Amino acid sequence: LGVFGGGLGGMGGTGTFACRLISSGSLGIELGLMALGVGPGANVAVCAYDYPGNFRAIELLGARPVLVDAALDSYSISPDSLRDIESDQVDVVIASHLYGVPAQVAEIDAICRDKGWNWVEDACQTPLMAIDGRFAGSHGDLGVLSFGGSKPLTAGNGGAILTRNPLLVSKLNARLDRPSDATPVSSLQAAALLPQLDRIAECNRRRADTVRRIVDEVPWIVESLHGICPAPSATCYKLAFLSPKRDHIVDSLIRAGLPVGAGFRSMHRSSKRRCNKIGELNRSAQLGDQVCLLDHRALLAQGDSQDRLIECLRRFS
Ligand SMILES: *Cc1c(COP(=O)(O)O)cnc(C)c1O
C-alpha cells in the first residue's frame, strides 16, 4: 500500500511518509499515542464528542482524557477551546474528521506547535480527502486510517498509521516488527483493499454528488445542518444533520427504509474521576443528543435510486 505514501508525498507534503498497515483504526490511535510517549501520568486532549474508542485508547494506556468541546462549525475538537488550555495541562491532542467535515487542521497544528503538544489526526472516516491541499492523515504528527467493515475503504478490518517523523517511525517499527506480530493487515485483506484504491475517488465523487443534491433539494435537512456542510471534495462517509427530535426522526426514516442512525454518545457526562473537562462541553452534549447520520450506502445511490432517496427525504418534511 505504498500508494498511500506516494500519494501523500505527491500532494505537496515535504519529507517521505512512512505507512504501516495495522489491524484496525482503533489500534492505530492507541499505537500512535504510545509512539508519542503517552502512558500513565500523561494527559490527552480529545473532543467530548468523538469516536468512543479514542477515549478508551487513552484510558487503556493509563493516561487521562482531557475532554474538550466540539467546534460550532464542524463536528470536531474546537481550536478556541484548545487555545485556552495551559500548555502543561495536556501532552498530546487527538483530532478527528467526522462526517465529511474536516477538523480545523491549520489552527490545531499551529496551537499544538505553540504549546509544545503533538497531535494525532484521526482520518479513519476520510481516506484520501484533501484538506488544505494535502490528504487527511498527513497534517498531524501521526495520521490514522481505518479499513474497518463500514468504512469507505474496507478490508473487513484493518487500518494504517502514517507519519513522516523518523523518530516516530522507529518507535512504531519497534512495536510492529516482532517475529510473531499479531496486528498486521493480512495479504488476503490487502488483496481486497488494493482494487478499492482505484475506485475510491469515484465513490467519493458519487457520495459528494448525492450530498450536493440533498443540500439543493431537501430544505428541512439543510436547515438541520446548521450551516455545516461537507465540501464538494469531501470524503462523505456519512452525512450528519442535527435534530432535537433525533430519535423520532431516526425511527421514522428507518421505517421508510433508509439507512439512518444516531451519532456517537457524547462523553461530557463522564465522571471527573476518569477525565478532566475543559469548560461546559455544551456543543458536545448537543451533538451527542442530536446528530442523525445518513449512511454512506445511501450516499452511493445513483440514477433512479438517488431520485427515490431524494423523494423519500423530501416527503419526510
Ligand atoms: C471507525 C473509526 C475509528 C476506528 O476504526 P476501526 O478500524 O473500526 O477500529 C476511529 N475513529 C473514527 C472517527 C472512526 O469513525
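Values in this document were obtained by computation on a predicted structure and should not be read as measured data. Counting starts at 1 for both ligands and their atoms, following the listed order.
Residues Glu280 and His268 have side chains that never bring a donor and an acceptor to within less than 3.5 angstrom of each other. With 3.5 Å as the limit, one finds no donor-acceptor pair spanning the side chains of Asn157 and Ser24. Using modelled atom types, one finds no donor on one side chain facing an acceptor on the other under 3.5 Å when comparing Gln290 with Ser243. With 3.5 Å as the limit, one finds a donor-acceptor pair spanning the side chains of Asp109 and Trp119.
Each of the following atoms of ligand 1 lies closer than 4.0 Å to a heavy atom of Gly158: 7 (O). Listed by number with element, the atoms of ligand 1 under 4.0 angstrom from any heavy atom of Cys124 are 2 (C), 3 (C), 10 (C), 11 (N), 12 (C), 14 (C). Ligand 1 places these atoms under 4.0 Å from at least one heavy atom of Ser24: 7 (O), 9 (O). Residue Leu98 has at least one heavy-atom neighbour below 4.0 Å for each of these atoms of ligand 1: 13 (C). With ligand atoms numbered from 1 in the order given, ligand 1 contributes 4 (C), 5 (O), 6 (P), 9 (O) to contacts under 4.0 Å with heavy atoms of Ser26.
Salt-bridge formation is detected for the pair Glu202/Arg205: a Lys NZ or Arg NE/NH1/NH2 atom is positioned less than 4.0 Å from an Asp or Glu carboxylate oxygen. A salt bridge does not link Arg206 with Asp209: every distance from a Lys NZ or Arg NE/NH1/NH2 to an Asp or Glu carboxylate oxygen is 4.0 Å or more.
Protein heavy atom at the shortest distance from atom 10 (C) of ligand 1 is Tyr51 CD2, 3.3 Å. Looking only at heavy atoms of the protein, atom 12 (C) of ligand 1 is closest to Asp122 OD2, 3.4 Å. Of all protein heavy atoms, the one lying nearest to atom 5 (O) of ligand 1 is Ser146 OG, 3.3 Å.
Residues Tyr75 and Tyr49 keep their aromatic ring centres 6.0 Å or farther apart.
With a heavy-atom cut-off of 4.0 Å, Lys151 touches ligand 1 through its side chain alone.
Among the atoms of Tyr237, none of the N or O lies under 3.5 angstrom from an N or O of ligand 1.
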